[in-house]
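Start at 1 with the first residue, then count along the sequence. Below, each value reflects all heavy atoms present in this structure, side chains not excepted, and no hydrogens, waters or symmetry copies.
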Amino acid sequence: MTSPARPVIAVKPLAGKPSAEALARMDKRWRWRYLVLAPHRLGFFLAMVVLVASGAWWALVQVARSTGGWGLYYAMSPTLVHAAVMAFGFIPLFFSGFLFTAGPKWLGVDSLPARALRLPLAAQALGWLLWLAGAHWRIGAALAGLALACAGLTWMTVLFWGRVRLSQAEDQLHARAIGIACVVGCASLAALWLSLAVGTHALARACIYTGLWGFVVVVYVTVAHRMIPFFTSSAMPMVRAWRPFWVLWLMLAAAALQVLATWLEWAGVPSSAAGPAWMVVHGALQLAVGGVLVWLAGVWGLVQSLKNKLLAMLHIGFVWLGLAFLLGGLSQWLAWGFGLGTLGLGALHALTMGCLASLMLAMVTRVSCGHSGRALVADRIAWTLFWLLQAATVLRIVAAVPGVFGVAWAWLLPAAACLWAVTMGIWGARLGGWYGRLRADGRPG
């Protein structure tokens, strides 16, 4: 008589890190299909494509201008093309990685699968690449690319608002502020298309600045208000997470002030009889905001953060926001008192390269490390790239003051553009290699 068969007991693998054997069998090749394993993979990868392409293009334009070589043909003003792609090109694609990864957690709703984002994100990336190509080909191609990018951004905004409407979370302030900023971005991009279609370049410039301040900066300061104190207190328990809502309202009001200034400038107020009074008031407000923001950087733990490189990158990036307002206010007063408006472009690039790009490099590196199974640290490569970015920023600010270094001044702008292109090229190639591979720790995502 045979004994009854023993029941088979299914043993579940232990939760946590996969075994060494499983990691050894893991596919380590780069594959396109892995880009849709998580929203941040697809959004960040496409952002890197546009970032690297636009940086290389602008460096080429600047070197060609300085040397008089290559005889590049321009169907549109390269300065306008550069401003638009830097404000609306890669940054909203980076936003998508955050909004559809962290956003659902803030709102307490299910995340969208990355496949649902393929078309709106691909439309933005393809649109901006066509925008760059059309700048040297024909304006109709550039406008077609701009329309495609606008459609993609609008689609992405609708999807994000869909997550917001499903939420039952008590605190939706940050998510809704970002959602409203995205609407402003869509409207600004549509107005930019219309202004270029009818040939009103002064209006196009105002639309770009409206998108920069009313969309990009609003999203940045909203995320900074929520995340920088949280990251700091998590890494350094001795620093308390302090983020009163008046700080957020102050930063949003400061962004609104710059949008107002943009349209007053478009209307010709600075050159009118009311111009001197506006310059004094605008300068004073910017100096006040800049002082508060630099003070806030200290309260949020700037000095303490220097012990942690990844955290320090975030805090240094935020300091640039205060410096941008201080430079902007000083520029207004110099223009009022001495007729010197040389610091205006310096203030703009303190914002875009110093603040926005530094925070972009820090935040994207942090998310990419965490979601690729790597340690949440800024290694030697990331830290070096960050300081190369700081050097490029300083070069660009100094280049905004003509004659500072005599004949060598003419090469400061191309040098800054080339340093930016090299820095972003290395960073983009490195992280782009992560997004198409499975996580290093073998976990999903």
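Side-chain atoms of Ser358 never come within 3.5 Å of backbone atoms of Gly317 as a donor-acceptor pair (strictly under, hydrogens ignored).
Checking Trp300 against His225 by side-chain atom types alone, no donor-acceptor pair falls below 3.5 Å. For the residue pair Thr365 and Trp427, a side-chain donor N or O sits within less than 3.5 Å of a side-chain acceptor on the partner. Gln124 and Trp155 form no side-chain donor-acceptor contact under 3.5 Å, judged by distance and modelled atom types alone. Side-chain atoms of Thr232 and Gln304 form no donor-acceptor pair, as typed in the model, at a separation below 3.5 Å. With 3.5 Å as the limit, one finds no donor-acceptor pair spanning the side chains of Glu265 and His282.
Note on ring orientation: taking the six-membered ring where Trp is involved, the planes of Phe88 and Trp128 are parallel (angle under 30°, cut-offs 30° and 60°). By the 30° and 60° cut-offs, the orientation of the rings of Tyr435 relative to His40 is perpendicular.
Using a 4.5 Å heavy-atom cutoff, the side chains of Leu192 and Thr210 are not in contact. Side chains of Trp131 and Val85 form a contact here, defined as non-hydrogen atoms less than 4.5 Å apart. Proximity of Val216 to Ile91: side-chain heavy atoms (C-beta onward) are separated by under 4.5 Å at one or more points. Two residues are said to be in side-chain contact when any heavy atoms from C-beta on lie closer than 4.5 Å; Arg396 and Thr352 fail this criterion.
Arg374 forms a cation-pi arrangement with Trp434, by the criterion of a distance under 6.0 Å to the ring centre and an angle within 45° of the ring axis. For the pair Arg437 and Tyr34, the cation-pi test (distance below 6.0 Å, angle within 45°) is failed.
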>> Apply side-chain contact (heavy atoms from CB on, under 4.5 Å) to residues Val377 and Asn308 and explain how you reach the verdict.
In response: CA-CA 8 Å; Val377 296; Asn308 182 318; over 6 Å; no
> Going through the distances and angles, do Arg226 and Phe230 end up as a side-chain contact (heavy atoms from CB on, under 4.5 Å)?
Replying inline: CA-CA 7 Å; Arg226 185 176 181 112; Phe230 170 74; over 6 Å; no
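Asp171 and Arg176 are not joined by a salt bridge, as no carboxylate oxygen comes within less than 4.0 angstrom of a charged side-chain nitrogen.
The local environment of CH2 in Trp249 is sparse, with at most 12 non-hydrogen atoms from other residues, nucleotides or ligands closer than 6.0 Å.
Note: Leu293 CG to Leu321 CG = 5.0 Å, rounded to the nearest 0.5 Å.
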